[in-house]
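As structure tokens, the structure follows; a few thoughts come after it.
In each ligand, atom 1 is the first atom listed, and ligand 1 is the first ligand listed.
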Amino acid sequence: MKLYEASIKELKELYKRGEASPGQVVDELLQRIDRLNPELNAFITVDRDKVYDQTRQAEGMLGKRDAPPLCGIPIAVKDIFTTSGMRTTCASKILEGFVPPYDATVIRKLKEAGAVIVGKTNMDEFAMGSSTETSYFGPTRNPWAFDAVPGGSSGGSASAVAADMAFGALGTDTGGSIRQPAALCGIAGLKPTYGRVSRYGMIAFASSLDQGGTMTRTVYDSALLLETIAGFDPLDSTSADMPVEPFTQMLAHPKGVRIGVPGEYFVEGMDKEVQASIEKARDTMKGLGARIVDISLPHTKYAVAVYYILASSEASSNLARYDGVKYGYRSASGADLIGMYMDTRAKGFGREVKRRIMLGTFALSAGYYSEFYGKAQRARRLIKQDFDDAFGQCDVILAPTSPTPAFRLGSRLDDPLQMYLSDIFTIPLNLAGLPGISIPCGFTKEGLPIGMQLIGRRFDEKTVLSVANMYEQATPWHERTPAI
Ligand code: GLN
């Protein structure tokens, strides 16, 4: 086995036994990035000096009794998290030249845990998209098929982990941006409960939905990274004051677990191979002793519409701060101050971001507010209520992650509605604030990964992780890697 193929758990073992050193691992990894990244475009920034600095620090700590839990483990982070002294772009021209003076809380926690930050990964501009094609830095490719998208918006993180260019990564999930790319790239992607992970230093898209989470090769590694980044943060007013459980120690087989399967998630137009894989996964779970329960989430059909009203409204307000004065890019051609604002925003934002700002501004405008925003809020409550009712009958919900496997680059770019429908199964959780994980559950005949989702009650990541782990241990999907 090559070092870069190891899981985080395995790499920790190799370090413990003295069979590998962080320096060796980082050398191998950077070589791999040099070879693969020009084509995959998973990273926007790799700062080798900083990587080596952190590696040396890790080497100094490794083996000591108080060595931190991720000592010398190379982790990639989505370029939406602020990194002190390292440019942070959110994949937008408008943040050109922006070097944050502080670390996001999750970055601080990763560093304190001894991780080596390998680089900042590509994404859809301001996390708006499902394919990583709206990035100002060009699209990321899927390591399983270079002419296919990796999903989005955390497509760079997914591609980097699947292509063995990082041992794990952080992403963010507002409507599916961790789980959908994880599914399309054949890795595990965990969106924690809203409030579980601090949003401080995570550039805001839609503040009532945004949540940071983990992208890894195994469920155990997701649990380990979650333990590291979760927890109350006084710097984030929506952060939850809940104890962080030792998730890695709570992965034992969940005996007699009840798994709900929502009829509404098996829709017309869903890819046949995806459907067959999910049904097979359900039977596997049954074989492992789970009780399968049919459930109903009747308001699912409104989720995409509700999400695009709410997320765009919040985005139009959050993105008002990019005016050419405080951060990044400033156009030189405006005639006066207002002209400068307008020209900066016209040139600094890409098409999809402008589409969202216009949609959101319209939805919030006087006279339309209660018809759009107010109504969407009320529908959001109903969607949340559906889940509350369903969790009376089951402990975890099994669903597809994405209705299709990875699609061809360019195939949905000119059809925003088609693109928005990519998130039909992931969005409802964000609206309800629930935790969910996507893990691999098969491959298409063409060799593209298929993902399934496990959804839990609020703050019940431990059940989600233990059911995911039970399935992973019984199936071979997570062991497959792309031949690159
Ligand atoms: N694809 C969805 C969107 O475009 C979700 C994005 C996300 O989760 N950040 O808004």
Side-chain angles (χ1 to χ4, degrees), residues 77-81 90-92 121-135 139-140 149-158 169-185 189-194 197 199 202-215 303-319 349-360 363 376 380 401-404 406-407 412-413 415-438 451 453:
V77 298
K78 188 177 183 178
D79 207 14
I80 197 168
F81 294 104
C90 234
S92 181
T121 56
N122 203 3
M123 54 184 282
D124 281 295
E125 185 180 3
F126 282 100
M128 295 172 188
S130 309
S131 66
T132 316
E133 291 172 294
T134 71
S135 168
T140 296
V149 303
S153 65
S154 313
S157 288
L170 298 189
T172 61
D173 193 313
T174 303
S177 279
I178 287 177
R179 291 161 286 152
Q180 185 258 13
L184 271 44
C185 288
L190 172 70
K191 174 220 169 288
T193 308
Y194 181 78
V197 171
R199 291 183 299 112
M202 189 175 116
I203 294 174
F205 163 11
S207 307
S208 78
L209 301 158
D210 297 342
Q211 186 60 201
T214 66
M215 305 175 82
V304 173
V306 167
Y307 169 84
Y308 277 94
I309 298 287
L310 297 178
S312 306
S313 299
E314 293 182 27
S316 72
S317 152
N318 273 326
L319 270 56
F349 290 132
R351 270 176 66 193
E352 183 60 28
V353 174
K354 286 183 205 166
R355 185 172 8 245
R356 306 286 178 107
I357 293 175
M358 285 191 277
L359 204 67
R380 181 180 190 171
T401 307
S402 159
T404 65
F407 41 95
R412 293 189 189 170
L413 257 190
D415 186 351
L417 257 191
Q418 191 59 29
M419 188 72 90
Y420 295 174
L421 287 172
S422 311
D423 304 314
I424 184 165
F425 303 136
T426 48
I427 279 174
L429 279 71
N430 300 79
L431 293 170
L434 305 172
I437 194 169
S438 176
Q453 217 180 168

Met202 CE to Asp210 CG distance, which is reported to the nearest 0.5 Å: 4.5 Å
Separation of Ile80 CD1 from Thr121 OG1 (nearest 0.5 Å): 10.0 Å
Side chain to side chain contact (heavy atoms under 4.5 Å, CB included) partners for Ala315, two or more places apart: Met128, Phe205
With sequence neighbours excluded, residues passing side chain to side chain contact (heavy atoms under 4.5 Å, CB included) with Ser177: Lys78, Ser153, Ser154
Where Cys185 and Ala158 come nearest, the two heavy atoms and their spacing: SG-CB, 3.8 Å
Partners meeting side-chain hydrogen bond (donor to acceptor under 3.5 Å, both in side chains) with Glu125 (sequence neighbours left out): Ser92
Near ligand 1, at a heavy-atom separation below 4.0 Å: residues by chain and residue number: Ala127, Met128, Gly129, Ser130, Ser153, Asp173, Thr174, Gly175, Gly176, Ser177, Phe205, Tyr307, Tyr308, Arg356, Asp423
